[in-house]
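Right, one structure below, let's go through it.
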Amino acid sequence: MIRNISKRVTAGFTAVALVIAQVIMPAQTALAWSTTPPPNENGGGKSFICKMTGTPGVNEVLQTGDNPIARDYKSGDQVGTYFNDRQGGSYVVGFGAPGDKDEPSVRDCYAIVIPSVVVTAVPCVATHGTEAVTVKVANDDQVTGNTVIYSVTVDGQTKTTAALADGANQTLTFSGLAVGTYTVTVSALGGTVYTGSVTVASCTAPAGEEVPVPTPGTTDPCGLDNIHWNIAATGETTRYTWTTDANGTITYTAKSGYYFMVDGVQSQTATVYLPNDANVLCAPEAPAVQVFCGPENNDIAVLPEVDSDAHYHYVTDYNDATNTITVEAVADDGYSFAEGTQTIWRFVDTHTACSAPTFSPVDCKTPTGVVTVTYDTELYTYTISSTGSTGEVALESGVAHNVAPTGTYTVRAYLAGADGIDGASPLLDSWTHTYPALNCEPGRGNVTPPPATPVTPLPVELPHTGPTDAGSAKSLFLALIAALVTYGGVYFAQPRRS
């Protein structure tokens with residue numbers, strides 16, 4: 001019985017121990033700080049702040065000693081957000097629950113500002129035993145909106161970056177390094193945030209015969225971005241080969257036993273870059289002159305349309321003293337026309353007269369005036385208006401336009417295309433004619449009798465007494481008998497001469 005009781009007691013103590021362990025273990029876990037914010041501000045949680053010291057934006061670093069510090073959690077606190085104090089760079093590193101005793105250390109402050117670092121040894125091309133190393137530093141830390149200056153050290157050489165904003169990067173070059181392995185360290189905010197290494201390999205000078213780096217000629221015709229080499233895109237000689245990429249860059253590769261000298265160093269390859277295009281523009285389109293009539297409006301220059309990517313524009317000038325219009329094509333800044341290209345044109349104003357209208361005369365017999373004008377309807381618009389009228393009426397070319405016999409009328413010539421009525425389009429010329437008032441009362445005023453015409457008297461026709469059948473054969477015979485009788489009577493009635 002005693003043994004059974006002992007087993008039960010032992011089992012009871014074991015059960016109690018398990019219960020205690022289950023209670024104690026969560027309490028121990030709760031002592032660790034976290035990067036997860038508390039659910040709200042009322043739970044008694046706290047935020048851990050990595051405090052900075054120094055002059056904001058100049059030499060701020062993480063302060064030593066008691067760092068981070070704790071303060072009550074505020075809504076919006078996140079890892080990497082700034083803490084609003086007089087230092088510009090203090091930031092939140094983590095959070096703690098009520099009663100937590102574990103806190104982050106200053107090492108944890110550095111842990112969230114670690115940048116991304118890429119260290120590269122430049123490929124060996126030199127004849128000497130030294131080489132260069134590049135270190136690319138990018139501000140990819142967890143602190144939102146911070147600007148960090150990084151210090152990079154390689155083989156005792158220390159260089160600093162500019163102030164890098166979020167996501168910005170900078171590459172630093174360390175030259176003159178001998179063959180060997182070097183430690184690379186990056187520091188920020190007063191502490192080391194990166195440690196790495198790089199190995200510089202041995203350089204072996206190429207042996208053989210030096211080949212001068214070829215520089216082929218180029219052709220740059222008028223136009224933009226069309227300069228090109230005077231050689232094929234690829235080729236080969238007994239000493240080297242070459243290829244050309246899409247940008248016109250030629251890469252020469254020396255064959256075995258040959259090498260190039262590039263910047264004083266022997267190399268198996270050499271690169272030649274295509275020169276920039278000289279931006280020599282092709283000849284501009286010649287302007288024309290449209291002759292418009294009028295004393296001051298003719299010979300208007302017609303300029304060709306120019307796209308914005310043509311990189312030139314036209315400038316016109318009118319010289320009143322010589323009646324000359326000058327048009328010049330002017331290249332934009334950074335561009336030019338080839339020497340000898342015509343870029344200036346001059347035209348003489350001929351002062352072509354406009355077609356004048358005709359105003360028909362009026363009188364009491366023809367009291368309606370007629371205005372007529374013939375003109376080129378593609379170039380001009382003619383209108384007519386009278387004194388006192390409120391507008392102008394279009395005059396059709398070659399069509400008679402009737403007007404009242406009294407009043408003053410003005411005919412105007414405009415350029416066609418725009419609305420020429422009421423002077424909306426440039427006025428070229430005008431003509432004014434006044435019809436006087438007519439006085440058409442009978443016997444007065446403008447009624448003038450025609451001049452008298454002399455009357456010439458006509459011969460009197462005697463009445464006809466002959467037979468009605470005059471002209472017939474019988475009548476002619478009778479007339480002949482009568483004439484003979486009459487002649488004989490007259491003859492025999494005359495006295496005889498003794």
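Only a predicted model underlies this, so the values are computations on that prediction, with no experimental measurement involved.
Ring to ring, Y240 and Y252 are close: their centroids are under 6.0 angstrom apart. In summary, the aromatic rings of F337 and Y312 are positioned with their centroids under 6.0 Å apart.
Rounding to the nearest 0.5 Å places SG of C293 at 4.0 Å from OH of Y380. Y259 OH to Q266 CD: the interatomic distance, rounded to the nearest 0.5 Å, is 4.0 Å. Interatomic distance, I344 CD1 to T341 OG1, rounded to the nearest 0.5 Å: 12.0 Å. Rounding to the nearest 0.5 Å gives a distance of 7.5 Å between CG of D108 and SG of C50. Here the straight-line distance linking atom OG of S267 with atom CZ of F260 works out to 8.0 Å at 0.5 Å rounding. The distance from the OG1 atom of T316 to the CG atom of L303 is 6.5 Å, given to the nearest 0.5 Å.
In this structure the side chain of K159 reaches within 4.5 angstrom of the side chain of F174, judged on heavy atoms. Using a 4.5 Å heavy-atom cutoff, the side chains of W345 and T326 are not in contact. Annotation: side chain of I250 is in contact with side chain of W229 (closest heavy-atom distance under 4.5 Å). Contact of the D220 side chain with the N226 side chain is registered, since non-hydrogen atoms from C-beta on lie closer than 4.5 Å. Counting heavy atoms from C-beta on, the side chains of Y150 and P115 come closer than 4.5 Å. Looking at R412 and T410, their side chains come closer than 4.5 Å, going by heavy atoms from C-beta outward. At a threshold of 4.5 Å between non-hydrogen side-chain atoms, the residues Y314 and V330 do not count as touching. Side chains of P275 and I227 form a contact here, defined as non-hydrogen atoms less than 4.5 Å apart.
A donor-acceptor contact shorter than 3.5 Å is absent between the side chain of N319 and the backbone of T324. Judged by distance alone, the side chain of Q170 and the main-chain N or O of A162 form a donor-acceptor pair under 3.5 Å. No donor-acceptor pair closer than 3.5 Å links the side chain of W33 to the backbone N or O of S47. Judged by distance alone, with hydrogens and angles left aside, the side-chain atoms of D245 form a donor-acceptor pair with the main-chain N or O of G248 at under 3.5 Å. Remark: side-chain polar atoms of T171 are not paired, donor with acceptor, to backbone N or O of K136 under 3.5 angstrom. Between the Y91 side chain and the C109 main chain, a donor and an acceptor come within less than 3.5 Å of each other. With hydrogens and angles ignored, the 3.5 Å screen pairs no side-chain donor or acceptor of N139 with any backbone N or O of G167. In this structure, S397 contributes its side chain and Y375 its backbone to a donor-acceptor pair below 3.5 Å.
Summarising the geometry of P287 relative to P304, their closest heavy-atom pair is CA-CD, 3.9 Å, with the distance given to 0.1 Å. The heavy-atom pair separating C354 from D429 by the smallest distance is SG-CB, 4.0 Å. Here the shortest heavy-atom pairing between S355 and Y382 reads O-OH, 2.7 Å. Between Y73 and G76, the closest heavy-atom pair is OH-N, 4.0 Å. Residues L427 and A413 approach most closely at CD1-O, 3.5 Å, considering heavy atoms. Contact record, L172 with V152: CD1-CG2, 3.7 Å, taken as the closest heavy-atom pair.
The local environment of CD in E396 is sparse, with at most 12 non-hydrogen atoms from other residues, nucleotides or ligands closer than 6.0 Å. Crowding of D333 atom CG: a count of heavy atoms from other residues, nucleotides or ligands under 6.0 Å not exceeding 12.
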Check the pair I49, V93 against side-chain contact (heavy atoms from CB on, under 4.5 Å), reporting the backbone distance first and the verdict last. CA-CA 6 Å; I49 310 300; V93 70; over 6 Å; no
Step-by-step side-chain contact (heavy atoms from CB on, under 4.5 Å) determination, V265 to V262: CA-CA 5 Å; V265 177; V262 179; 5.7 Å; no
Decide yes or no on side-chain contact (heavy atoms from CB on, under 4.5 Å) for V92 and Q78, but give the supporting numbers first. CA-CA 7 Å; V92 178; Q78 296 286 339; over 6 Å; no
Evaluate L177 against V154 for side-chain contact (heavy atoms from CB on, under 4.5 Å), listing each step before the verdict. CA-CA 9 Å; L177 301 177; V154 179; 4.2 Å; yes
Quick one: side chains of residues 182-201, donor-acceptor pairs under 3.5 Å with protein atoms, not counting sequence neighbours, listed by atom name and distance.
unit_1	atom_1	unit_2	atom_2	d
Y182	OH	A178	N	3.1
Y182	OH	A178	O	2.6
T199	OG1	T181	OG1	3.0

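Between the side chains of N230 and T219, at least one donor N or O sits under 3.5 Å from an acceptor N or O. Using a 3.5 Å distance cut-off with no hydrogens or angles, the side chains of T383 and E392 do pair a donor with an acceptor. Side-chain polar atoms of T158 and T153 form a donor-acceptor pair below 3.5 angstrom.
Screening residues 233-244 for salt bridge (charged side-chain N to carboxylate O under 4.0 Å, His left out), with sequence neighbours left out, gives E209-R239, E236-K255. Listed by first then second residue, pairs satisfying side chain to side chain donor-acceptor pair (under 3.5 Å) with a partner in residues 270-283 number zero, not counting sequence neighbours.
A salt bridge between D77 and K46 is absent, with no side-chain N of the basic residue lying under 4.0 Å from a carboxylate O of the acidic one.
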